[in-house]
Amino acid sequence: MPAKIYYDNDADLSLLKNKTIAILGYGSQGHAQAQNLRDSGCNVIVGQRPGSANYELAVSHGFEPLPIEEAARRADLINILLPDEVQGDIYKQSIRDQLRPGNILMCSHGFNVHFGQVEAPQGVDTLLVAPKGPGHLVRSEFEKGGGVPSLIAVGEGASDTTLQLGLAYAKGIGGTRGGVIHTTFAEETETDLFGEQVVLCGGVSELVKSAFATLVEAGYQPEMAYFECLHELKLIVDLFYQGGLSYMRYSVSNTAEYGDYTRGPRIITDQTRAEMKKILNEIQTGQFAREWILENRAGAPAFKATRRRDRNLQIEVVGRKLRSLMKWIAAKEV
Ligand code: NDP
Ligand code: MG
């Protein structure tokens, strides 16, 4: 079934006229959503802890950041735009007790609500408005008069008023200019995790690492392996982005296209597809969420160790050197 998509005419900004919106966290999403809403005429307050660059940024944008607790207390719509792994604890410590019946508890990713780390009290509806892009794009497109397509979902038992307020909010951040897709907390959360695990982060990184290692072990120079297996990925992804698989295949050589059709299916096999289903199942049952929450509760030791190990891989070392030769790519270091 095709998704229901809302545009500007489906949303009424005046519904937010007498409401106060608290943006909790002035990071990637927070700084963009807060400014867009303010430019759309909404009453926005910011909850941001002092002592960080994000606090100073909020001040320099003309906000007077409040403690999270205070911002939550003063607002009608409370949007938690903190990192997902701290939301549960901060919610319980500083937000939950400030909520009153009729308030709306918002987020831009459903993980914590869907997996029960953030549970709204009686009389408080949950609402998700999630831009499908990073904060800087949400801001820059809005300033150009456009908007980043977004998702909207209301929690179980939420009223139609909440959906209407959500559409007004989406309009306020520019989302309805690009189109707002109606989804559910479950669908947003599960597809997001699946995408990042199987393709975007997990799948692609392992593919690149394994292909690089195969060439290097076979005696090819690591610099050559880096260019072929990592650097050129961007060219291909840009073609996907602009015109899908067909446009990529139209743009590359016939030799590359033939290799794609005949070799690709030998890399992603029935075994890989079976594993994808298993990973999806772990997401749907909450097994992945439990694992990640426990890992964080223990101080994330395995997570940090893997991060350290992978930063020193040969592909990373040679990549750092090669990127420094390519002035136009604005090389980044972590
Ligand atoms: P960021 O990491 O950019 O910003 C996090 C904010 O939370 C900062 O203002 C930070 O302040 C504050 N913060 C971090 N840790 C704490 C803490 N322990 N106590 C109090 N404040 C803290 O987050 P994002 O904007 O990326 O993510 C926010 C939400 O938006 C998440 O749910 C995410 O999934 C979702 N989202 C993100 C997208 C993206 O592209 N970034 C896209 C769509 C959704 P400080 O500077 O003081 O650390
Ligand atoms: Mg995502």
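We count ligands from 1, going down the list as the structure has it; atoms in each ligand are counted the same way.
Atom-to-atom distance recorded for Asn36:CG and Lys171:NZ is 14.5 Å, nearest 0.5 angstrom. One finds the CZ atom of Arg290 at 6.0 Å from the OG1 atom of Thr285 (value rounded to the nearest 0.5 Å). Taking CG of Leu151 as the start and CG of Leu128 as the end, the distance is 6.5 Å to the nearest 0.5 Å. Distance check, rounded to the nearest 0.5 Å: CG of Leu15 to OH of Tyr169 gives 15.0 Å. The CG atom of Leu57 sits 7.0 Å away from the CD atom of Gln35 when rounded to the nearest 0.5 Å. How far CZ of Phe288 is from CD of Gln197: 4.5 Å, rounded to the nearest 0.5 Å.
Looking from atom 8 (C) of ligand 1 to the surrounding protein, the closest heavy atom is Asn54 ND2, 3.5 Å. In terms of protein heavy-atom proximity, atom 6 (C) of ligand 1 is nearest to Leu81 O, 3.8 Å. In terms of protein heavy atoms, atom 44 (C) of ligand 1 is closest to Ser108 O, 3.4 Å. The nearest protein atom to atom 27 (O) of ligand 1, hydrogens excluded, is given as Leu82 O, 4.2 Å; this is a heavy-atom distance. Protein heavy atom in closest approach to atom 19 (N) of ligand 1: Ile90 CD1, 3.2 Å. If you check which protein heavy atom lies closest to atom 3 (O) of ligand 1, you get Ser28 N, 2.8 Å.
Below 4.0 Å from some heavy atom of His109 lie the following atoms of ligand 1, by number and element: 32 (O), 34 (O). Listed by atom number, the atoms of ligand 1 under 4.0 Å from Pro134 heavy atoms are 40 (O).
Annotation: side chain of Ile21 is not in contact with side chain of Ile45 (no heavy-atom distance under 4.5 Å). Asp310 has its side chain out of reach of Glu316: every pair of non-hydrogen atoms, C-beta onward, lies at least 4.5 Å apart.
Any N or O atom pair closer than 3.5 Å counts here, and Arg49 shares at least one such pair with ligand 1.
By heavy-atom distance, the residue among Pro83, Ser52, Gly133, Gly25 lying nearest atom 45 (P) of ligand 1 is Ser52. Taking only non-hydrogen atoms, the option from Val86, Asp84, Ile68, Asp89 nearest to atom 32 (O) of ligand 1 is Asp84. Comparing Pro65, Gly27, Pro131, Gly30 against atom 4 (O) of ligand 1, the shortest heavy-atom distance belongs to Gly27. Of the candidates Gln29, Lys132, Gln48, Glu56, the one placing a heavy atom closest to atom 11 (O) of ligand 1 is Gln48.
Of the options Gln48, His61, Arg49, Glu56, a side-chain hydrogen bond (donor to acceptor under 3.5 Å, both in side chains) to Tyr26 is made by His61 and by none of the others.
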